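Keep in mind it's a predicted model, so treat the numbers as computed, not measured. Note on naming: letters A, B, ... go to the chains in the order of the sequence lines (proteins, then strands), and numbering restarts at 1 for each one.
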Protein chains: 2
Amino acid sequence: MNLSSTEQDYLKAIFAITTIESRSANTNAIAEHLKTKASSVTDMIKKLAVKKLVKYEKYKPVHLSAAGIKTATSLIRSHRLWETFLVDRLKYDWSQVHTIAEQLEHVKDSELIDKLDDYLGNPSFDPHGDPIPTRNGAFPVREEITLINMKEGQCGTIASVLQDDESFLEALNDLDICIGNDVEFLKQISFDQSIKVIINNETIILSETMASNISVQKI
Amino acid sequence: MNLSSTEQDYLKAIFAITTIESRSANTNAIAEHLKTKASSVTDMIKKLAVKKLVKYEKYKPVHLSAAGIKTATSLIRSHRLWETFLVDRLKYDWSQVHTIAEQLEHVKDSELIDKLDDYLGNPSFDPHGDPIPTRNGAFPVREEITLINMKEGQCGTIASVLQDDESFLEALNDLDICIGNDVEFLKQISFDQSIKVIINNETIILSETMASNISVQKI
DNA sequence: AAATATTTTTAGACTAATCTAAAAATATTT
DNA sequence: AAATATTTTTAGATTAGTCTAAAAATATTT
């Protein structure tokens, strides 16, 4: 099916909200995710429903159809492979690559993404630590926990981030926090829910928001 | 300046017609080049004139301004670097890469193309043999002659093609003609203007159209 | 130089995606 | 369950790019 970049963006947004964030894909949630307005979302949802990419009943949250899930997954695959290329090969900083990959992921060619995958050595995780779907649409898994949910004394390594906002990624850079770093959870400070952790042998305090957006692979 | 992909395509078309093909950029010539209609061209030319990218007087052919030339050149640079990436790194056949590069060239990021250039080792010519403008906008040169214009007994190597049409590139593939092959011009057959040449130690006949679209580097 | 042909421009309409503002439906509070 | 608040949808407008058909300008032929 030939979809516009915009249609593809909507499918990705619905996938992110439902499958990744486990929320229901209301009109407003989608609008917020795509920084557009609710009325625009309603229009587009109708279009996608005609194309059988979403299941839609008026005033109800939307769901992706099997075809919709397939398309969204292959977009995520494309996005994450391009991010891997930009960081590993072109030496971009991982905080810069999201907006570029947003554009690259929409390039249409039947062979491109599989060739890129092979060229990069079929990586399982991207520079943000997120799983790259295989060409069959399967997401590689690993045992992860959100930093804020760790127990006192628990150890692990930074595995991925739950937000792609450039300011968030820069904050991590400023704190010298990278994918792969060792973490030990010390304790949560009840006053403001901030947490005390050891990362790279340095004891630091992270805000609740910060710690809610960092995913740790259990050891 | 923030230009849409469409605006960029018009600038490239005007550059190709004026500078590469040495013709004047009439409304119809541009329309034909972009497979659109004359009325659409007029509308767009007016837009580009307001943005000072072209010099335009009603009913006259358009010319690119200095800014227009700069933009067109950097698009050609982007296009040819992506083609090089697709062929050299992703192992595409050179006949397949044009339409993919058409999409990739529009990806917007201030550092991307220079990083790609460095990654590829700052190549001077793309897989079609065409010069890749440097980051300063200079076109690398070499001594070339169109195959049809060679003199009897003259020798050279296939340097580039003057058409990107997929069917043309496939025809070259079928004849086992590649960039870098040695050529010796034998004679032109006056009956139909076809030519007799030795390519890779094989004597073959090429149609006039064919030979008009192959560029040979003189030895 | 008048008649004809070609090219270019204008006028008005269409599509995809968006928006604002109002209306309708659903959800929450009292 | 009535009143209020929130969410969603509709209606109508806007913008970028395109198109067809007609009008205007330029070019060519006789």
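- The side chain of B/Thr42 approaches C/dT8 more closely than any other nucleotide in the set D/dC19, C/dT8, D/dT8.
- Pair assignment for D/dT8: C/dA23, on the basis of Watson-Crick or G-U wobble contacts that are both within less than 3.5 Å.
- With rounding to whole Å, B/Asp9 atom CG is found 17 Å from D/dA16 atom P.
- Taking atom CG of residue B/Asp43 and atom C1' of nucleotide C/dT9, one finds them 9 Å apart after rounding to whole Å.
- Rounding to whole angstrom units, CE of residue B/Met44 and P of C/dT8 are separated by 18 Å.
- Remark: A/Ile179 CD1 to A/Gln217 CD distance equals 10.5 Å, nearest 0.5 Å.
- For the pair B/Ala38 and A/Thr6, nearest-nucleotide mapping onto DNA chain C gives the more 5' position to B/Ala38.
- Residues A/Lys58 and A/Ser5 both approach DNA chain C. Their nearest nucleotides, taken by heavy-atom distance, put A/Ser5 toward the 5′ side.
- Contact check, B/Tyr59 against D/dA23: no side-chain N or O comes under 4.0 Å of OP1 or OP2.
- In this structure, of D/dT10, D/dT18, C/dT18, it is D/dT10 that holds the atom nearest to the side chain of A/Lys46.
- In this model, no side-chain donor or acceptor of A/Ser39 finds a partner on the base of C/dT18 within 3.5 Å.
- Ring centers of A/His98 and A/His79: under 6.0 Å apart, within the cut-off.
- Distance, B/Tyr56 OH to C/dT8 P: 9 Å, rounded to whole Å.
- In this entry the distance linking CG of B/Asn26 with P of C/dT7 reads 9 Å, nearest Å.
- Taking atom CD of B/Glu57 as the reference point, atom C1' of C/dT7 lies 17 Å away to the nearest angstrom.
- Between B/Phe15 and B/Phe139, the ring planes lie parallel to each other; the angle is under 30°, not in the 30° to 60° tilted range.
- No side-chain donor-acceptor contact under 3.5 Å links A/Ser95 and A/Glu166.
- Taking atom CG of residue A/Asn28 and atom C1' of nucleotide D/dA5, one finds them 13 Å apart after rounding to whole Å.
- If you check the side chains of B/Ser194 and B/Gln188, you find no donor sitting under 3.5 Å from an acceptor.
- Rounded to an integer number of Å, the gap from A/Glu7 CD to C/dT18 C1' is 14 Å.
- When the nucleotides D/dT8, C/dT8, C/dT18 are ranked by their closest atom to the side chain of B/Thr27, C/dT8 comes out on top.
- Figure legend. C/dA2 is base-paired to D/dT29; pairs are counted as Watson-Crick or G-U wobble with both atom distances under 3.5 Å.
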